[in-house]
Amino acid sequence: MGKVIELNADKCSACGACAVACMDQNDLDVTEGASAFRIVRDLEGADGGYEYYSIACFHCEDAPCISACPCNCLKKDEEIGFTVYDNENCIGCHSCAMACPYGAPCYGKDGKMIKCGGCAVRVKNGLEPACVANCPTGALRCVDRTECEEL
Amino acid sequence: MQKTAVAGFGCAGYHAVRSMREHGYQGEIDVYTDTQWAPANPMLTTYYICGKLRREATLPFGAIEELSQKYNFHIITTSVQKVLSEEKAVLLQDGKTQYYDQILISTGARAFVPPIPGHESERVFSMRTIEDADRVRKILEGREIKRAVVAGASMVGIKLVELLHARGIHCTLVDMAPYIFPLAAVPCVAAEIERRLTGMGVELAFSKALKAIEEDGQRVVFADGESISCDMVLMCIGTRANTEIADENIKVNRGIVVDKRMRTNMQDIYCAGDCSEGCNLQTGDNQIIGIWDNAARQGETAGANMAGVVKEYEGNMLHNITHFMGMDFIGFGDVKSEGEEFLYENKEKGEAFVIRVKDNKPVCMNFLDSYGASGVLKAYMINKFGGAGRQMDSVSKVRLLNEGIPEKLINFLESNSQEEDVWEK
Ligand SMILES: Cc1cc2nc3c(=O)[nH]c(=O)nc-3n(C[C@H](O)[C@H](O)[C@H](O)COP(=O)(O)OP(=O)(O)OC[C@H]3O[C@@H](n4cnc5c(N)ncnc54)[C@H](O)[C@@H]3O)c2cc1C
Ligand code: SF4
Ligand code: SF4
Ligand code: SF4
């Protein structure tokens, strides 16, 4: 069990509202060198048409970033299954970035890992993650893993 | 009641015990450890020496006493002398024998110090355990150290250079190999790293064989007759798997040979971590892949199987990451394999990315200061070696584009086409 944030690429228009909401929610100042948790981008399809994507951590069920971290900074949130972290002992080694098949871990300007934690606190309080709450097209949804076909 | 022994409690041992309990193992677990300071992460020693981590933080999962309550096991602080595989017993230092239903060997590895004359001096150090770290800390705090020789241009060696250099100590990095990271770096990436190191004032002495350490650790003598004077010597030549506890029935090469379920050739004897030889996906051979994540996954797999749940770990490819002196180096695959080499550089960002291709498959990749794409490409390579042949998905492509990997290269990886002009050589 556990929750995931799911993207329906057909609905996404790459407007970037989710990324802005995410930076706001997490106090990410990308001008100061922090990397953004959520990236939004278009992708040219094989037929020449464009698809739009908004991606961040997928909160993998068997998350490879967790066992890769030499300092045990990452773990599964027991209640909602998001991949959460405590970076107090993070040494900024980038092992988590190398282990993640989606390149999701980010780093703050102090060099320590930061990443999408699924807005776990919001979700525990019955709210949507910031990105989901701010998506104007309904492309992003926070659902139980079992409901999510794509992953 | 069923009884299990775990010999050695590092990363692999810890994950095995955790996994056994999480997979519902109800029996008794005896954990044998030759140190109370467990389960420790050896790679954090240098961070502890420089003060970046507290001593306790070198135990990433917490202290052994807490863990023994959480996962319900007995701590037996004594070294195992032998695993008697037919009797399924462990022979202890005091000559006593204890019998079990199954045994895990997770004794890891040790730093290898070649027995050259003078290696026993108090000014000669190696790095793996907390005691090693304490020794180095003590000499750095106690005596005036101006010059150090670090032998072994490895991932461990470079971390020690970083540590000493930051304290204003003049370092000479020595290796038999002709360039830095000989087991992971392609020559052009190694050359760039060396250029940067030299620029920072680190001296490099490559293609040099150590012959002796003289003057009580204050002179290093090479086979060619040259010598360097110094105040301390750090030996990071390599590691050796702790396989001696396996008895003669257990199959051992450089490490103890295991299958995908971490079983040795002897029934009910398992092995995981740096002491084991799992599958190298690239070659299909058994090989020690001595990295933290691999030890964790092997331990986890052993634990599941010891709890009676069939679980396989396919294996891994050789890979390394090291972050030092403002640089990031990542190497994937077998650097010794031949192939055509292509370099992609983003001079503006100072990033470099090299890929070596043979028969239209990447056999080796290097990244300098461009870790962002490494996760996607690692998964891609492992998939390729594993024979899954899965297409690169859109999300991976989005990430690669975002990290500035050229579209042409992505198309190549996706299609395995033979387009020659894909590359900027
Ligand atoms: C300085 C340094 C830097 C490193 N850097 C990296 C890195 O950047 N990235 C990376 O992935 N990996 C790195 N590694 C490798 C990584 O630390 C190992 O792969 C990992 O710790 C292996 O875990 P393990 O459990 O197999 O073995 P160990 O951690 O060696 O644990 C084995 C345990 O068994 C105990 N033991 C041994 N023999 C006996 C016995 N007979 N009886 C009882 N107990 C015994 C040992 O004392 C030890 O506690 C580094 C290693 C070092 C030394
Ligand atoms: S960081 Fe990567 S590996 Fe970890 S849970 Fe997120 S997507 Fe999965
Ligand atoms: S960068 Fe930090 S969180 Fe990531 S693996 Fe290294 S120590 Fe762990
Ligand atoms: S807010 Fe919604 S539509 Fe806009 S980029 Fe994000 S996911 Fe796409």
Side-chain angles (χ1 to χ4, degrees), chain A residues 7 9-10 12 14 19 35-36 38-46 50-58 60 62-76 86 88-107 110-113 115 150-151, chain B residues 11 14-15 39 41-44 46-47 52-54 56-62 159 291-300 319-324 326 328-330 332 367 369 371-380 382-383 393-403 407 410 414:
Chain A
L7 173 78
D10 294 340
C12 178
S35 43
R38 185 162 281 284
I39 57 175
V40 177
R41 212 190 154 107
D42 50 50
L43 195 66
E44 202 179 330
Y50 280 90
E51 296 164 16
Y52 302 107
Y53 286 91
S54 162
I55 62 168
C57 171
F58 287 87
C60 310
D62 179 16
C65 55
I66 295 178
S67 61
C69 175
C71 304
N72 202 26
C73 293
L74 293 129
K75 63 168 190 191
K76 279 285 170 193
D86 170 355
E88 188 195 336
N89 290 329
C90 171
I91 55 172
C93 66
H94 301 153
S95 296
C96 46
M98 183 177 75
C100 170
Y102 306 108
C106 302
Y107 300 88
D110 59 359
K112 290 191 175 193
M113 189 275 298
K115 67 179 272 299
E150 237 210 321
L151 286 176
Chain B
C11 178
Y14 161 76
H15 278 285
N41 184 342
M43 78 178 269
L44 299 178
T46 57
Y47 292 87
K52 208 167 165 184
L53 289 180
R54 289 169 295 113
E56 296 71 41
T58 65
L59 302 175
F61 310 110
K159 290 304 285 182
I291 47 185
W292 181 254
D293 191 25
N294 204 52
R297 294 191 160 254
Q298 290 186 326
E300 150 94 29
H319 63 280
N320 276 290
I321 180 166
T322 181
H323 181 70
F324 62 98
D328 243 338
F329 167 79
I330 297 178
F332 292 163
F367 303 76
D369 296 344
Y371 61 84
S374 68
V376 171
L377 292 171
K378 176 168 169 269
Y380 169 85
I382 287 186
N383 252 308
D393 56 31
S394 306
V395 170
S396 303
K397 267 189 268 181
V398 168
R399 174 62 65 186
L400 293 183
L401 287 170
N402 202 58
E403 299 300 332
E407 212 153 331
I410 299 173
E414 213 187 358

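Note: hydrogens, waters and symmetry copies are ignored here, and every other heavy atom, side chains too, is used. All chains are named by letter (A, B, ...) in the order of the sequence lines, taking the proteins before the strands, and each is independently numbered beginning at 1.
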Do you know which of A/Cys73, A/Cys65, A/Cys93 has the most heavy-atom pairs with chain B at a distance under 4.5 angstrom? A/Cys93
Taking ring-ring contact (aromatic ring centres under 6.0 Å, His included) as the definition, give me every residue that meets it alongside B/His323, ordered by chain and number, with sequence neighbours left out. A/His94
Less than 4.5 Å to any heavy atom of chain A: does that hold for the side chain of B/Phe332, its backbone, both, or neither? side chain
With respect to chain A, which residue among B/Thr58, B/Leu400, B/Leu401, B/Asn294 yields the maximal number of heavy-atom pairs within a distance under 4.5 Å? B/Leu401
Per-residue contact mode, A/Pro64 against chain B (heavy atom under 4.5 angstrom): both
Do A/Tyr102 and B/Ser396 pair up side chain to side chain, a donor and an acceptor below 3.5 Å, judged on atom types alone? no
Heavy-atom pairs under 4.5 Å with chain A - which of B/Ser394, B/Cys11, B/Gly299, B/Ala295 has more of them than the others? B/Ser394
Which bit of A/Cys71 comes within less than 4.5 Å of chain B, counting heavy atoms only: side chain, backbone, both or neither? both
I want to know whether B/Phe329 and B/Tyr371 have ring centres closer than 6.0 Å. no
Measure the spacing between SG of A/Cys106 and NZ of A/Lys115 and express it to the nearest 0.5 Å. 9.0 Å
So which heavy atom on A/Ile91 is nearest to which on A/Pro70, and how close? CD1-CG, 4.2 Å
Which atoms of A/Cys69 are under 4.5 Å from chain B, going by heavy atoms: the side chain, the backbone, both sets, or neither? backbone
What part of B/Asn402 lies closer than 4.5 angstrom to a heavy atom of chain A: side chain, backbone, both or neither? both
For B/Ile330, is it the side chain, the backbone, both or neither that has a heavy atom under 4.5 Å from a heavy atom of chain A? side chain
Is B/Arg297 salt-bridged to B/Asp293, going by a charged N under 4.0 Å from an acidic O? yes
Residues forming a side chain to side chain donor-acceptor pair (under 3.5 Å) with B/Glu407, sequence neighbours excluded: none
At a heavy-atom separation under 4.5 Å, does B/Phe61 approach chain A through its side chain, its backbone, both, or neither? both
